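Quick caveat: nothing in here was measured; it's all calculated off a predicted structure. First listed ligand is number 1; within each ligand, the first listed atom is number 1.
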Amino acid sequence: MPVLVVNVDHVATLRQQRKGKEPDPLTAAHLAELAGARGIIVHLREDRRHIQDHDVELMARTLKTRLHLEMAATEEMQAIALARQPYMVCLVPEKREELTTEGGLAVAGREAFLKDYLAPIHARGILSSLFIEADEAQVRAAAAVGCPYIELHTGHFADAPTRAAQRTERDKIVRAIGLARSLGLGVNLGHGLNYDNIYEFADVPGISEFSIGHSIVARAVFTGFERAVADMAAIIARFPA
Ligand code: PXP
């Protein structure tokens with residue numbers, strides 16, 4: 001059965017507006033765990049626009065579920081991952097000027113680099129995932145890298161302007177899931193998923209985790225964090241195995 005993993009970056013985004021202490025993403029992470037999240041995701045960006053180094057350190061020490069660290073494939077981030085030892089690292093592309101992660105990682109053609117980059121991380125027993133487009137070449141390249149998981153980018157699906165376009169994007173994702181599973185990869189989905197569009201994946205087999213941040217933090221403003229997480233966890237719990 002797929003599970004919910006909650007991204008708390010945007011709790012930190014609000015805190016960084018004032019560069020103060022509130023709201024604390026660590027508190028959000030602990031509440032999310034109480035409400036049924038099976039893991040917590042933070043993206044430590046090069047520009048530290050939301051999550052800070054001390055957030056990662058505290059989460060690594062205090063989470064009761066699993067810490068997923070999203071990061072760019074840089075030397076700095078590799079050292080942080082080795083020091084903090086999250087459950088999983090997810091490699092993402094990063095551009096300073098983007099509002100959020102805009103596209104999947106280019107894996108095809110960089111298999112050797114990514115394999116070497118991940119070697120010390122795997123040697124520490126940390127799992128890895130590559131955030132990629134639902135594209136055959138990228139899925140095959142991810143399998144060649146030897147990481148156990150991929151995360152398929154659902155942003156184009158979420159942003160599709162029409163129902164037909166959304167269906168087309170969904171079908172691409174479903175095909176990529178099938179291919180990835182046949183190559184032995186675990187599959188997570190993330191980006192732009194919300195309380196409405198998530199149902200499009202209700203009957204899709206082979207999904208391990210849904211990685212969801214913005215829609216949960218947005219709802220939490222009105223309902224409280226625990227309720228927002230519990231509502232999403234309840235939807236996903238009804239999806240067939
Ligand atoms: N997965 C990845 C790789 C991301 O970069 C993000 C956004 O930080 C998410 C999932 C979560 O996306 P959203 O905040 O739109 O739910």
Side-chain angles (χ1 to χ4, degrees), residues 2-14 16 25 28-29 32 37-52 55-56 59 66-74 77 81 86-107 114 127-135 138 142 147 149-160 166 169 173 176-177 180 186-201 207-221 225 228-229 231-233 235-236:
V3 298
L4 171 64
V5 181
V6 175
N7 179 317
V8 296
D9 290 352
H10 294 310
V11 178
T13 301
L14 191 53
Q16 295 311 113
R38 296 289 292 277
I40 301 298
I41 303 175
V42 291
H43 183 176
L44 185 65
R45 295 185 77 105
E46 185 198 7
D47 62 11
R48 306 300 198 268
R49 70 173 71 159
H50 40 52
I51 292 294
Q52 306 295 305
D55 296 319
V56 179
M59 297 221 190
R66 294 160 168 177
L67 176 62
H68 295 234
L69 179 62
E70 269 178 31
M71 59 187 217
T74 63
M77 291 300 153
Y87 169 75
M88 184 184 288
V89 297
C90 179
L91 298 185
V92 298
E94 220 174 90
K95 289 192 227 119
R96 264 179 189 267
E97 62 280 10
E98 70 191 356
L99 285 177
T100 180
T101 314
E102 280 171 2
L105 193 67
V107 179
L114 290 167
L127 297 176
S128 66
S129 170
L130 302 174
F131 181 62
I132 58 171
E133 302 289 337
D135 170 81
Q138 299 299 343
C147 55
Y149 285 89
I150 55 170
E151 180 176 326
L152 292 173
H153 188 353
T154 49
H156 308 302
F157 156 82
D159 294 339
Q166 191 184 56
E169 294 298 334
I173 293 166
I177 293 171
V187 181
N188 303 328
L189 299 191
H191 219 289
L193 296 174
N194 61 37
Y195 296 82
D196 180 42
N197 65 20
I198 187 99
Y199 286 100
E200 296 293 326
F201 296 100
I207 301 167
S208 295
E209 294 175 354
F210 289 102
S211 160
I212 307 182
H214 187 269
S215 64
I216 291 176
V217 175
R219 181 176 286 220
V221 171
F225 211 77
V229 172
D231 286 352
M232 186 61 88
I235 294 172
I236 292 171

Q | E151 neighbourhood, listing ligand 1 atoms whose heavy-atom distance to it stays under 4.0 Å | A | 1 (N), 2 (C), 3 (C), 10 (C)
Q) Is the closest N or O pair between H10 and ligand 1 shorter than 3.5 Å? A) no
**Q.** Under 4.0 Å to a heavy atom of G192 - the qualifying atoms of ligand 1, by number
**A.** 12 (O), 13 (P), 15 (O), 16 (O)
Q: Consider only side-chain N and O atoms of H191 and E151, and report whether a donor and an acceptor are under 3.5 Å apart.
A: no
Q: Go through the structure and list residues passing salt bridge (charged side-chain N to carboxylate O under 4.0 Å, His left out) with D231, not counting sequence neighbours.
A: R219, R227
Q | Check: A160 main-chain N/O paired with Q166 side-chain donor or acceptor under 3.5 Å | A | no
**Q.** Proximal atoms of ligand 1 relative to N7 (non-hydrogen, under 4.0 Å)
**A.** 8 (O)
Q: State whether the shortest distance between N or O atoms of G190 and N or O atoms of ligand 1 falls below 3.5 angstrom.
A: no
(Q) As an exercise, identify every atom of ligand 1 less than 4.0 angstrom from a heavy atom of V92. (A) 3 (C)
Q: State if S215 counts as touching ligand 1 under the rule of any non-hydrogen atom under 4.0 Å.
A: no
**Q.** N or O contact, H214 vs ligand 1, cut-off under 3.5 Å
**A.** yes
Q) Which ligand 1 atoms does G213 reach within 4.0 Å, using its non-hydrogen atoms? A) 13 (P), 14 (O), 16 (O)
(Q) Taking only non-hydrogen atoms of S211, do any sit less than 4.0 angstrom from ligand 1? (A) yes
Q: Give the atoms of ligand 1, by number and element, whose distance to some non-hydrogen atom of I212 is under 4.0 Å.
A: 16 (O)
Q. Relative to the ring of H50, is the ring of H10 parallel (under 30°), tilted (30 to 60°) or perpendicular (over 60°)?
A. perpendicular
Q | Partners meeting side-chain hydrogen bond (donor to acceptor under 3.5 Å, both in side chains) with R38 (sequence neighbours left out) | A | none
(Q) Taking side-chain contact (heavy atoms from CB on, under 4.5 Å) as the criterion, tell me which of I207, I132, N188 meets it with L152. (A) I132
Q. Would you say I198 and I212 make side-chain contact, with heavy atoms under 4.5 Å?
A. yes
Q. Any side-chain heavy-atom pair from L44 and M71 closer than 4.5 angstrom?
A. no
